[in-house]
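Below, read A as the first sequence line, B as the second, and so on, with proteins coming before strands; counting in each chain starts at 1. What you are looking at is a predicted structure, and each value in this text was computed from that prediction instead of being measured.
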Amino acid sequence: MSGTVRTRFAPSPTGFMHVGNLRSALYEYLIARVSGGQFVLRIEDTDQKRQVPGALEAIYATLEQCGLQHDEGPDIGGPYGPYVQSERLEHYRDEAEKLIAGGHAYRCFCTAERLEYLRWQQEGQSFQGYDRHCRDLDPDEAAARAAAGEPCVIRQRMPLEGQTEFVDAVYGRITVDNSELEDQILLKSDGFPTYNFANVVDDHDMHITHVVRGSEYLSSTPKYNLLYEAFGYEIPTYVHLPLILGKDGQKLSKRHGATGFTELVEAGYLPEAILNYLLLLGWSPGDTEEIFSLAEMEQAFTISGLSRSPATFDYGKLLWFNQSWLRGEEPEQFARRCRGALEDALGREATDAELELAGRMLQPRLERLTDIPAQLEWLQELPEDYDLGLFTHKKMKTDAASSRLMLERLRAGLAALESWTEEEIHAFLLAAAKEQGVKNGQVMWPLRIAISGRSVTPGGAVELATLLGRKETLRRIDLSLDRLAGLRS
RNA sequence: GGCCCUAUGGUCAAGCGGUCAAGACGCCGCCCUCUCAAGGCGGAAUCGGGAGUUCGAUUCUCCCUAGGGUCACCA
């Protein structure tokens with residue numbers, strides 16, 4: 001066997017792409033990449049009842065958006081296809097027959113009703129599971145019954161005594177008594193393999209060297225090993241991952257908030273930020289680095305950095321990663337993200353200068369992409385009935401009366417400015433403050449309130465006025481002046 | 001309930017016998033400042049409990065406790 005590391009992401013198209021799945025895919029991808037190996041995509045569609053339309057497309061789209069490029073898969077082929085389990089049915093059947101022939105599996109004719117009755121009867125007992133009713137049927141007789149059309153499943157014949165142990169790359173040595181293991185179903189009566197069986201067969205066929213999956217599979221791993229042994233296949237390296245929990249310590253689910261990749265993207269999170277957060281949720285680089293691009297992850301990732309304890313998904317920290325990624329973007333690229341909302345607010349096309357300014361204003365303040373419109377809301381129009389109390393600011397030493405005076409003084413100067421540029425407006429206002437012997441805030445505050453009508457804006461008076469344009473700025477000053485005048489008389 | 005896994009601040013976590021127990025998010029304060037952010041500086045906050053082993057346990061062992069996982073013709 002070659003020493004090339006091969007991992008696979010094997011989702012089943014039964015729903016949206018959960019962040020837990022995505023994190024598994026990321027780790028699988030990284031384990032392969034960090035050692036120059038291959039990352040395989042395999043679709044596990046053995047549950048015909050739970051197929052969800054569109055789920056497959058979502059898987060491809062998510063992988064694509066995240067940059068987790070696979071080397072082999074249903075869409076691009078590869079040497080060990082097909083990569084869709086429903087296209088490999090014959091093969092599983094043959095493999096199951098092999099096991100029967102070797103005495104490692106047997107046909108079981110128990111009905112669903114009988115099994116249900118069994119479960120009901122076993123409630124509270126220590127060993128719950130199949131009672132091995134068909135385990136000792138004569139193989140030839142069983143084969144004949146099956147051939148005659150009697151529905152049956154194929155079960156794995158577990159050893160009744162002894163122990164099975166395996167070494168997991170993150171959890172270490174794990175030992176389980178064989179008496180704990182159920183004679184699990186390998187092939188269902190509809191001819192489809194179960195997940196456990198198809199997994200082993202496919203992982204072997206596809207030369208997967210590292211089986212990476214959630215720790216919920218930890219306790220069923222001994223069954224896998226027994227299967228590998230029954231086949232005489234080499235056992236892969238297991239890498240079990242700690243689970244992701246919600247705020248309440250329960251397994252992360254919809255009720256904790258958005259848990260699907262698509263949902264998060266729609267909520268304004270960047271794929272880079274989501275991936276970055278997921279990377280650190282269960283893995284540590286060992287140093288204090290926190291921001292990782294995919295390329296950087298490919299350099300830094302180590303299996304030994306994986307954590308064993310479950311991690312709580314923290315939306316607050318995800319938000320911080322999102323902000324960090326947003327701030328780190330090239331200003332031009334960030335500005336482009338603002339174009340749509342800016343033009344909506346403006347009601348017309350934006351100039352390059354306006355776009356640049358808007359980007360500069362929002363980039364350090366944005367938490368999510370979806371917040372852009374709200375950040376630009378002040379641009380739309382001056383709220384007609386904003387609270388005049390906003391003019392009163394203790395630290396700035398301003399109030400409605402002083403603001404009125406200030407605005408009256410400022411108005412003419414602004415109207416007379418040679419050009420309406422950020423620099424010029426800025427210079428003018430600073431000069432005005434100096435001239436009047438007041439602090440900058442005493443001219444900036446009233447102006448900002450007068451033209452925005454808001455206590456909080458994504459920028460100061462200068463930026464606001466610049467983006468508003470001279471005409472609109474003066475119009476808003478007049479509007480505010482009118483209201484301020486009405487206060488007195 | 002049986003079995004398996006886990007256990008450092010509210011959260012993610014470094015630590016791998018001797019540390020004043022990193023760092024980050026969040027929180028609080030200060031600075032900067034035309035508001036809010038961003039940025040800078042500082043602060044509060046952690047080894048679940050009990051036995052061992054050892055000169056010395058956060059670190060090793062055992063027990064307890066707590067949390068999680070798993071016991072399907074689902075993956």
Side-chain angles (χ1 to χ4, degrees), chain A residues 10-12 14 44-47 49-50 108 110 112 115-116 119 123-130 151-155 168 171-172 174-177 179-182 184-190 192 194-196 198-199 213-222 240 242-243 245 247 249-251 277 280-290 305 307-321 323 327 361-367 375 390 393 395-396 426 429-430 433 439-449 452 454-464:
Chain A
S12 44
T14 54
E44 309 218 325
D45 57 346
T46 56
D47 187 345
K49 297 187 203 80
R50 295 205 308 162
C108 166
C110 292
L115 296 178
E116 199 176 322
R119 258 194 296 281
E123 233 164 64
Q125 277 177 238
S126 68
F127 181 82
Q128 303 194 350
Y130 182 53
C152 70
V153 301
I154 294 178
R155 288 182 183 273
D168 182 84
Y171 288 91
I174 291 173
T175 307
V176 169
D177 286 339
S179 59
E180 290 292 326
L181 307 177
E182 184 185 16
Q184 65 174 340
I185 291 175
L186 269 18
L187 214 59
K188 306 182 229 177
S189 57
D190 63 2
F192 276 70
T194 56
Y195 166 83
N196 293 321
N199 230 256
R213 63 202 343 184
S215 66
E216 66 265 35
Y217 296 108
L218 216 39
S219 49
S220 56
T221 300
H240 284 94
L243 261 26
L245 309 177
K247 198 74 191 162
Q250 299 299 300
K251 201 169 168 177
Y277 176 58
L280 269 358
L281 195 61
W283 179 80
S284 165
D287 57 28
T288 60
E289 277 309 304
E290 290 225 87
S307 166
R308 276 172 301 276
S309 44
T312 305
F313 193 89
D314 181 355
Y315 286 91
K317 183 112 191 199
L318 171 61
L319 198 59
W320 177 79
F321 275 106
Q323 275 184 271
R327 282 204 306 279
M361 290 168 72
L362 298 201
Q363 194 160 14
R365 288 173 244 258
L366 206 64
E367 293 188 316
Q375 287 281 338
L390 289 177
H393 192 287
K395 198 173 156 208
M396 298 300 157
H426 186 65
L429 292 174
L430 285 191
K439 297 205 302 184
N440 293 345
Q442 288 184 57
V443 354
M444 300 296 191
W445 182 271
L447 180 56
R448 194 178 61 83
I449 298 301
S452 73
R454 289 157 208 271
S455 58
V456 174
T457 52
V462 178
E463 285 105 323
L464 261 47

For [N] versus [M], give the span between their [atom1] atoms, rounded off to a whole number of Å.
N     : M     : atom1 : value
B:A51 : B:C41 : P     : 43 Å
B:G43 : B:G50 : C1'   : 34 Å
B:C62 : B:C20 : P     : 29 Å
B:A66 : B:C30 : C1'   : 40 Å
B:C5  : B:G9  : P     : 22 Å
B:U46 : B:G10 : C1'   : 11 Å
B:U59 : B:G52 : P     : 15 Å
B:A21 : B:U8  : C1'   : 8 Å

Are the side chains of [Y] and [X] in contact, using a 4.5 Å heavy-atom criterion?
X        : Y        : answer
A:Ser12  : A:Tyr195 : no
A:His240 : A:Arg213 : yes
A:Thr457 : A:Met361 : no
A:Trp320 : A:Tyr277 : no
A:Val443 : A:Met396 : no
A:Leu280 : A:Pro285 : yes
A:Asp168 : A:Thr221 : no
A:Tyr130 : A:Ile185 : no

Roughly how many Å is it from [atom1] in [X] to [atom2] in [N], rounded to a whole number?
X        : N     : atom1 : atom2 : answer
A:His240 : B:U6  : NE2   : P     : 13 Å
A:Ile174 : B:C5  : CD1   : P     : 5 Å
A:Asp314 : B:C25 : CG    : P     : 12 Å

* Asked: Between A:Lys317 and A:Asp314, does at least one N-O distance fall below 4.0 Å, as a salt bridge requires?
  ->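 Looking at A:Lys317 and A:Asp314, the cut-off is not met.
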Which base, if any, makes a Watson-Crick or G-U wobble pair with [N], both distances under 3.5 Å?
N     : answer
B:A45 : none
B:A14 : none
B:A57 : none
B:G39 : B:C31
B:U70 : B:G2

For the side chain of [X], counting heavy atoms from C-beta on, which of [options] is nearest?
X        : options             : answer
A:Asp47  : B:G23, B:C74, B:U6  : B:C74
A:Val176 : B:C3, B:A22, B:C73  : B:C3
A:Arg308 : B:C5, B:U6, B:G67   : B:U6
A:Leu115 : B:A75, B:U6, B:C73  : B:C73
A:Ser219 : B:C73, B:G69, B:C12 : B:G69

* Protein proximity profile, nucleotides 26-39 of chain B - base contact B, sugar-phosphate-only contact S, no contact -, cut-off 4.0 Å on heavy atoms -> -------BBBBBSS
Has [X] got a side-chain N or O lying under 4.0 Å from the OP1 or OP2 atom of [N]?
X        : N     : value
A:Thr312 : B:C12 : yes
A:Lys317 : B:A13 : no
A:Lys49  : B:C74 : yes
A:Ser215 : B:G68 : no

* Asked: Contact class for A:Ser284 vs. all strands (heavy atom < 4.0 Å): base, sugar-phosphate, or nothing?
  ->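 Sugar-phosphate only.
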* Want to settle it: does A:Thr175 or A:Ile185 sit nearer the 5' end of RNA chain B, counting the closest nucleotide to each? ->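 Result: A:Thr175.
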* To do: Using the closest heavy atom to pick a nucleotide of RNA chain B for each, name whichever of A:Ser307 or A:Cys110 lands nearer the 5' end.
  =>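 Its nucleotide being nearer the 5' end, the pick is A:Ser307.
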